[in-house]
Amino acid sequence: MASLKEMRNRISSVKATQKITKAMQMVAAAKLRRSQDAAEAARPYARRLASVIANLATGVSGDGAPALLAGTGRDDRHLVVVAAADRGLAGGFTSSIVRAARAHIDGLIAQGKDVKIVCVGKKVTAQLKRPYGDKVVDNFDLSAYRQITLSVAQPIADVVTKLYEAGDIDVVTLFYSRFRSVVQQVPTALQLIPAVVEGGAEVASGPAAVYEYEPSEEAILETLLPRNLTVQILSALLDNMAGFYASQMTAMDNATRNAGDMIKRYTLEYNRSRQAQITKELIEIISGAEAV
Amino acid sequence: MAKLHFSLVAPERELFSADVDQVDAPGTEGDFGVLPNHAPFMTTLREGRVTVRDGSTVKLFDIQGGFADVGPDGFTILAEHAVEVAS
């Protein structure tokens with residue numbers, strides 16, 4: 001049985017922890033709102049760009065198509081970009097992305113494919129370096145950036161493009177957490193290269209406007225595809241950011257609640273043993289007085 | 001009179017979206033102006049200034065590279081980087 005002083009100390013230490021988790025929850029909630037707005041604000045650009053590319057891609061198919069769209073025609077060598085958080089204390093946020101990525105990577109290795117990995121986020125690097133140390137070709141640390149902008153996504157896109165242009169990889173897949181809602185973040189795999197044209201058929205069947213191109217269709221597509229790559233990475237990072245704060249908020253909310261439960265339990269126990277001690281002392285005094 | 005629906009979108013956010021009278025933009029192969037009911041047209045953009053005219057109000061944006069898409073439902077600029085400048 002712990003002494004009363006020890007129990008008092010324990011209660012006050014849990015109370016201090018609860019204060020911290022509560023503060024973190026509030027900070028995460030504020031940051032969540034901001035990063036959610038940022039993720040929303042970035043959507044129109046990504047959507048427009050995707051629809052323009054879909055439009056163009058239907059016109060430029062076959063031999064003339066740029067390599068980023070057509071691929072190399074093989075799928076022997078894969079690059080897996082895993083993007084998650086730089087910091088912890090967010091429940092299973094990073095782990096769930098890493099788990100999805102590992103399943104994918106192990107599947108590819110089992111098929112005898114060559115796999116390279118790029119890690120985005122400190123926690124990802126820590127979790128993937130151990131099992132796949134020799135396969136990690138590059139890693140990024142985003143904790144230095146206060147805001148996710150295009151200039152954050154650009155270096156990652158550059159690394160991917162450089163590897164692709166050097167002919168080292170055939171297929172690029174990006175793993176991130178899609179932000180569905182505050183309570184739901186879905187680890188998602190997105191194929192970056194060859195570019196997946198969304199709704200291509202739908203666009204083609206629409207009213208086929210005869211476009212005039214300046215300079216040429218191919219030249220425009222050639223400049224748009226690398227940009228699309230960057231923008232896709234950017235929106236993945238923004239989604240991640242929002243998802244991270246959402247799951248940090250949930251995790252901290254749980255922690256605060258747990259701390260509250262613990263305080264209640266300890267306080268009850270403390271009061272009980274204090275009362276027991278008082279009763280014991282009273283009995284001693286009374287029986288002492290009776291004996292006299 | 002018909003209006004042109006114009007939107008200027010940067011990767012981080014949408015800067016402008018409204019119905020206007022005329023938009024001038026710097027294309028890689030020369031500056032051009034777009035009026036309502038323009039023929040469908042696509043081009044890449046170079047660094048320069050976009051002028052948006054609506055009635056007597058004029059808005060100016062500096063953009064760095066990008067892409068212009070004039071379609072049946074309006075004119076869209078996807079700029080790599082864009083800031084509004086005081087006119």
Side-chain angles (χ1 to χ4, degrees), chain A residues 34-35 37-57 59-60 145 147-154 157 203 206-238 241, chain B residues 2 4-20 23-48 50 52 61-84:
Chain A
R34 213 168 322 138
S35 49
D37 288 344
E40 289 297 333
R43 289 229 166 103
Y45 188 90
R47 216 177 23 238
R48 290 263 164 80
L49 195 56
S51 76
V52 166
I53 285 176
N55 231 329
L56 278 169
V60 195
Y145 300 100
Q147 257 180 340
I148 304 289
T149 58
L150 204 59
S151 54
V152 180
Q154 195 62 54
V203 173
V210 184
Y211 270 89
E212 216 166 285
Y213 297 100
E214 199 182 293
S216 68
E217 251 170 304
E218 286 82 2
I220 293 178
L221 202 51
E222 205 85 55
T223 60
L224 283 190
L225 283 170
R227 195 170 311 152
N228 190 38
L229 184 72
T230 316
V231 169
Q232 276 179 319
I233 293 175
L234 172 70
S235 43
L237 293 182
L238 286 169
M241 198 51 123
Chain B
L4 170 73
H5 185 74
F6 172 68
S7 41
L8 175 63
V9 196
E12 285 95 10
R13 66 204 173 94
E14 194 169 54
L15 273 103
F16 185 89
S17 179
D19 289 329
V20 297
V23 180
D24 297 331
T28 34
E29 302 195 339
D31 289 9
F32 61 91
V34 178
L35 293 170
N37 299 320
H38 192 285
F41 164 66
M42 262 187 211
T43 185
T44 45
L45 299 173
R46 63 185 159 76
E47 196 176 324
V50 175
V52 183
F61 298 93
D62 272 340
I63 61 163
Q64 276 167 25
F67 173 80
D69 170 17
V70 185
D73 32 71
F75 178 22
T76 308
I77 289 183
L78 300 176
E80 210 133 283
H81 191 83
V83 278
E84 184 170 358

| query | Taking all atoms of both residues into account, what is the closest heavy-atom pair of A:Arg48 and B:Ser7, and its distance? | reply | NH1-OG, 3.1 Å

| Side chain / backbone / both / neither for A:Leu238 at chain B, heavy atoms under 4.5 Å | neither

| message | Taking side chain as everything from C-beta outward and backbone as N, CA, C, O, which of these in A:Leu150 sits under 4.5 Å from a heavy atom of chain B? Side chain, backbone, both or neither. | response | both

| If you count heavy-atom pairs under 4.5 Å between each of A:Pro215, A:Ser216, A:Pro44 and chain B, which one has the most? | A:Pro215

| note | If one checks every heavy atom of B:Ser17 against chain A at 4.5 Å, the contacting part turns out to be neither

| said: Please determine whether the number of non-hydrogen atoms from other residues, nucleotides or ligands lying under 6.0 Å from atom CZ of B:Arg13 exceeds 12. | reply: no

| query | What is the distance from atom CZ of B:Phe67 to atom CD1 of A:Ile53, rounded to the nearest 0.5 Å? | reply | 8.5 Å

| remark: The reported gap from OH in A:Tyr213 to OG1 in B:Thr44 (rounded to nearest 0.5 angstrom) is 13.0 Å

| task | Using salt bridge (charged side-chain N to carboxylate O under 4.0 Å, His left out) as the criterion, list what pairs up with A:Glu40, not counting sequence neighbours. | result | A:Arg43

| query | In terms of heavy-atom proximity below 4.5 Å to chain A, should B:Thr28 be classed as side chain, backbone, both, or neither? | reply | side chain

| said: Please rank B:Gly65, B:Ala39, B:Ala79 by heavy-atom pairs under 4.5 Å with chain A and give me the top one. | reply: B:Ala79

| Euclidean distance, A:Arg47 CZ relative to B:Leu78 CG, rounded to 0.5 Å | 11.5 Å

| note | Sorted by chain and residue number, the ring-ring contact (aromatic ring centres under 6.0 Å, His included) partners of B:Phe32 (sequence neighbours excluded) come out as B:Phe41

| field | Contact origin within B:Ala68 toward chain A - heavy atom pairs under 4.5 Å | value | neither

| query | What option among A:Ile148, A:Thr230, A:Val52 has the most heavy-atom pairs under 4.5 Å with chain B? | reply | A:Val52

| said: For B:Glu84, I'd like to know if atom CD has over 12 heavy atoms of other residues, nucleotides or ligands within 6.0 Å. | reply: yes

| task | Would you mind checking which part of A:Thr223 comes under 4.5 Å of any heavy atom in chain B, side chain (CB onward), backbone (N, CA, C, O), both or neither? | result | side chain

| Under 4.5 Å between any side-chain heavy atoms of A:Glu212 and B:Met42, yes or no? | no

